[in-house]
Number of protein chains: 2
Amino acid sequence: MTAWRQIHDTLEREIQTGRLADGAQLPVEAELAARFGVNRHTVRRAISALATRGIVSVEQGRGTFVRQSPIHWHVDKRMRFTEMHAQANRKATRRLLRAAEVAADAAIADALELKPGSHCYYLETLEEVDGTPLSVASRFFPGRLVPNLIDVYIAAGTITAALERLGIADYQRRSTAVSARLPSAEEAALLLQPREQPVLVIETVNVDKAGRPIEYGIARSAAARLKLTFDM
Amino acid sequence: MTAWRQIHDTLEREIQTGRLADGAQLPVEAELAARFGVNRHTVRRAISALATRGIVSVEQGRGTFVRQSPIHWHVDKRMRFTEMHAQANRKATRRLLRAAEVAADAAIADALELKPGSHCYYLETLEEVDGTPLSVASRFFPGRLVPNLIDVYIAAGTITAALERLGIADYQRRSTAVSARLPSAEEAALLLQPREQPVLVIETVNVDKAGRPIEYGIARSAAARLKLTFDM
DNA sequence: ACGTATTTGTTCGTATGTATC
DNA sequence: GGATACATACGAACAAATACG
């Protein structure tokens, strides 16, 4: 077994057994190198593998820290972001990053059952739970069904409230697609997570009571902080 | 911007624009180092980041190659592994890695509605689609409901057929949990993927017609090769 | 506001090991 | 066995981000 892997396993064991607590700082690289009698590069290789697995997070100029455990999301036809977290006694907030009016590309048009090029509203938000970023979400809405959505959303504060003001009192999740990948630099920065750690990509189509698509959303969530459950 | 990141972005662009095709081999490290006028380490750093994002896959002694695009799995109450892929005109096989009789731990007992310590059958399989490994799956079955499962499975060849012989003609997916993480060394090796690339962790509980849990499965699937969709 | 110490990040050089063809 | 290509490890230096007096 290689040196870096032994160091990796040793550190993982110390974290698993609680000798290094949640959130605790690891000894600095130089110190670990001395302790294991190897070059600093070799320690870095081990730590890099731990960061890659989401066990620790590395921050330039600060140090290396032990990470914490995920929250559970029961996906449901009718779940609402704020509501769900309120039930679990967590404080959820949504921060608007970008808003725009766009023309639907093929994927958007397909999801919203529009003609490509149709007018859509676009919202990009960062969702935080208990002060920690959880997801970056991009959402598209058909312009015809939700006129002036951006201003209404800004005034209303939540998407549910905005849609209600626009006469869509009830809407439901129709389909949800899930995949995973590594984040872009921007996503990682917004989620305050290392680029080596995966994001869950959750694509959702919501429909109104009549079954018309109202919203197409693509959320990128810190995988280490989230687990989804679907009942059938 | 650092040198390795520029090289990373340049190579990604060449792959995205098709100048480096799916499955194509990248120039060897020494050649890339010469081309970009940097040390071989710097090229390795760039390639390592591409591998981490699942854009390329690196194989010792062979070379570095561009990866391909994912398959789509419509998750359904009643989907069957072989059936589903057959519909999509793909060849799916399942290879038995391990089989054992085990005592249920807390998580298994909870999922299968058994007392902790109850007798269970355990199957670990590698699922391949068109010759490429897709998932490593661990499955637990309640011993009382499926007596002698292991021999029956080996004789029958598929899980559906084995359960049918044991009198469970029809079973359904009850719940599915999804999360993502980086793979262990063993998982990565079985899936023929780099350790830096995420796996989707898919936990499933299947129940028989009477609603009794029959199977608790934990699949780890190469995230780059799979996308899940749930309809509601 | 500034400078300094600390800590991680990048890059070079070099040598040797291991897997594949 | 030999050639090729990636993997591991050591040493040195400097850059960049952060923390702190």
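Sequence lines set the chain letters: A, B, ... in the order given, protein chains first and strands last, and positions in each chain run from 1.
Taking 4.0 angstrom as the limit, T64(A) places a side-chain polar atom (N or O) nearer than this to OP1 or OP2 of dT8(C). For dG13(C), one of the phosphate oxygens OP1 or OP2 lies less than 4.0 angstrom from a side-chain nitrogen or oxygen of N39(B). At dC10(D), one or more side-chain N or O atoms of T42(A) fall inside 4.0 Å of OP1 or OP2 (strictly under the cut-off).
One interatomic measurement links the two molecules: CG of L26(A) to P of dT7(C), which rounds to 13 Å at whole-angstrom precision. Rounded to a whole Å, the NE2 atom of H8(A) is 17 Å from the C1' atom of dA7(D). Spacing between atom CG of L32(B) and atom C1' of dA5(D) amounts to 13 Å, rounded to whole angstrom units. One interatomic measurement links the two molecules: CH2 of W4(B) to P of dA15(D), which rounds to 19 Å at whole-angstrom precision. In this structure, the CZ atom of R44(A) is 14 Å from the P atom of dT7(C), given to the nearest Å. Spacing between atom CZ of F36(A) and atom C1' of dT8(D) amounts to 17 Å, rounded to whole angstrom units. Straight-line distance from the CZ atom of R62(B) to the P atom of dA5(D): 12 Å, rounded to whole Å. Protein atom CD of E29(B) is 14 Å distant from nucleotide atom C1' of dA19(C), rounded to whole Å.
The backbone N or O of F65(A) lies less than 3.5 Å from no partner atom in the side chain of R67(A), so there is not a single donor-acceptor pair. Checked by atom type and distance alone, the side chain of R225(B) pairs as donor or acceptor with a backbone atom of P133(B) at under 3.5 Å. Using modelled atom types, no side-chain atom of Y122(B) and backbone atom of S138(B) make a donor-acceptor pair closer than 3.5 Å.
Donor-acceptor pairing under 3.5 Å, judged by distance alone, is present between the side chain of R40(A) and the base of dG9(C). Side-chain atoms of H41(B) and base atoms of dT14(C) include a donor and an acceptor less than 3.5 Å apart.
Nearest-nucleotide positions on DNA chain D for G37(A) and Q25(B) put Q25(B) closer to the 5' end. Judged by closest nucleotide on DNA chain D, V38(A) is the one of V38(A) and E59(A) placed further toward the 5' end.
By the 4.5 Å heavy-atom criterion applied to side chains, R35(A) and E31(A) are not counted as neighbours.
Rounded to the nearest 0.5 angstrom, F36(A) CZ and L11(A) CG are separated by 4.5 Å.
Using a 4.0 Å heavy-atom criterion, one finds that R45(B) contacts the sugar-phosphate atoms exclusively. Residue A30(A) is classed as having no contact, given no heavy-atom separation below 4.0 Å to the nucleic acid.
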